[in-house]
Amino acid sequence: MADMNYDVIVIGGGPGGYVAAIRAAQLGLHTAVIERENLGGICLNWGCIPTKALLRSAEVLHLAKHAADYGLVVQNPTFDLEKVVARSRKVAGQLNGGVKHLLKKNKVTVIEGSAKLAGKGVVAVSKGNAPVGTFGAKHIIIATGARARTLPGLEDDGKLVWTYRKAMTPDVMPKSLLVIGSGAIGIEFASFYNALGAKVTVVEVMDRILPVEDEEISGLARKALEKQGMRIITGGKAGNLRKGADSVTVAVEHGGKTEDITVDRVIVAVGISPNTENLGLENTKVKTDRGHIQTNPYCETDEPGVYAIGDVTGAPWLAHKASHEGVIVAEHIAGKHPHPLNVRNIPGCTYSHPQVASVGLTEKKAKELGHEVKVGRFPFVGNGKAIALGEPEGLVKTVFDAKTGELLGAHMIGAEVTELIQGYGVAKTMETTEAELMHTVFPHPTLSEMMHESVLDAYGRAIHF
């Protein structure tokens, strides 16, 4: 017999799990969430939120160093690394407390410990080596997330080789840094440490950085980052790591040769691995692919009554994707007939300097899928607000189906594009064509006007460029 029975048990209290639990409770379902570490998961405690706090500190420092460009006098701006990190941790702590409050407000039971499927509709929970209890539920949602992937010989040692956790809480400021991997995580850390004065080298195995982004945007990002002093090696493979007392040498293969690069610290940002171990999946019909749980459009696994959401199910590994899946599965359980998630409508953001954001198909992918395309572009230098902000470098790019006018994708680089991209996200969700976007009135002066101009440019109607 279970110690307690619920309608829904959510395993994992990250951005997918706690949202699923709250939505289920709102729909009248007796709900519990099981979390082994921190409510809010990696995103809130060690990912999305604290990294943005670090990057904000770097942005303010950058502005202070360029105060003269704005007619201001700021003498010798510098930073206190301990206080920068402390602010980041305080932000994470505040939001962690907020999640606890929201779960309590919605009468969701929080159970601390590690969960394991222990039979049909049964979850066993333990903490350390001690059992906490056995709990029953009609519906079980797996939202266990993922962890940083490591490479053989490049494992995190907490001193010379870091993954994201240590990179967010450094005890010393490295004078030189090698970042292995140029996805959003790698580029964000590279941008942060570069802004604080570290000599940063980025190594990417693919032929360009930010490889999931539109090629044109990737190229502009590389140009901007190199202009800031970063060294970027693409088509490179890192290996043969040799550690010193307070430095590390990495052999990097690129361009048909091997180069030894010696730095103070190495950050490994080469993707993630799903947390599917020790969940008891082997005794169920749940299927996995390279560790990721396979689901249907309503987040159902092949085991009746068992669902999975978020990073544990595979790409795109984004907190907002997990949260939206949490809502879908809760509403599906409650019989509300939600729409399945369309991954092409999920925006992706990189909070480097400059920022990068996108939604939908790249120009290349659209063509590969057989679309005849119309492409519009508008540069930041043509926008009054961007010039007033002192941020004239960037681009807004839109991709349309030439026959139907469907918005296939939008891609941006420049100041605050992570805030702008949702406009195109709404447009795609509403299946908007170029006609509706052209007839939309954008306020002036704003950065958002570039979105309008990019649409107009795709059809030869741009006004300001």
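Between Thr109 atom OG1 and Tyr6 atom OH the span is 3.5 Å, to the nearest 0.5 Å.
Here Lys287 pairs with Asp302 under the salt bridge (charged side-chain N to carboxylate O under 4.0 Å, His left out) rule; sequence neighbours left out. Residues satisfying the side chain to side chain donor-acceptor pair (under 3.5 Å) test with Glu277, not counting sequence neighbours, are Arg147. With sequence neighbours left out, the side chain to side chain contact (heavy atoms under 4.5 Å, CB included) criterion links Ser352 to Ile187, Ser191, Thr350. His332 meets the side chain to side chain donor-acceptor pair (under 3.5 Å) test with Glu300; sequence neighbours excluded. Partners of Pro340 according to the side chain to side chain contact (heavy atoms under 4.5 Å, CB included) rule, which considers only residues two or more places apart in sequence or in another chain, are Pro297, Tyr298. With sequence neighbours excluded, the residues that form a ring-ring contact (aromatic ring centres under 6.0 Å, His included) with His353 are His62.
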Chi angles and distances behind the side chain to side chain donor-acceptor pair (under 3.5 Å) call for Glu213, His411: CA-CA 8 Å; Glu213 300 294 343; His411 311 275; 4.7 Å; no
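Judged purely by atom type and a 3.5 angstrom limit, Thr169 uses its side chain to pair as donor or acceptor with the backbone of Arg165.
Asp156 and Thr163 are linked by a side-chain donor-acceptor pair at a separation below 3.5 angstrom, with hydrogens and angles left out of the test. No hydrogens or angles considered: nothing links the side chains of Thr234 and Arg208 as a donor-acceptor pair under 3.5 Å. For His30 and Asp7, the side-chain atoms include no donor-acceptor pair closer than 3.5 Å. A donor-acceptor contact under 3.5 angstrom links the side chains of Ser454 and Thr398, judged on distance only.
Under the side chain to side chain donor-acceptor pair (under 3.5 Å) test applied with Glu436, the options Thr440, Thr433, Thr432 reduce to a single match, Thr433.
The aromatic rings of Phe400 and Tyr459 stand perpendicular to each other, their planes meeting at an angle above 60°, with 30° marking the opposite boundary.
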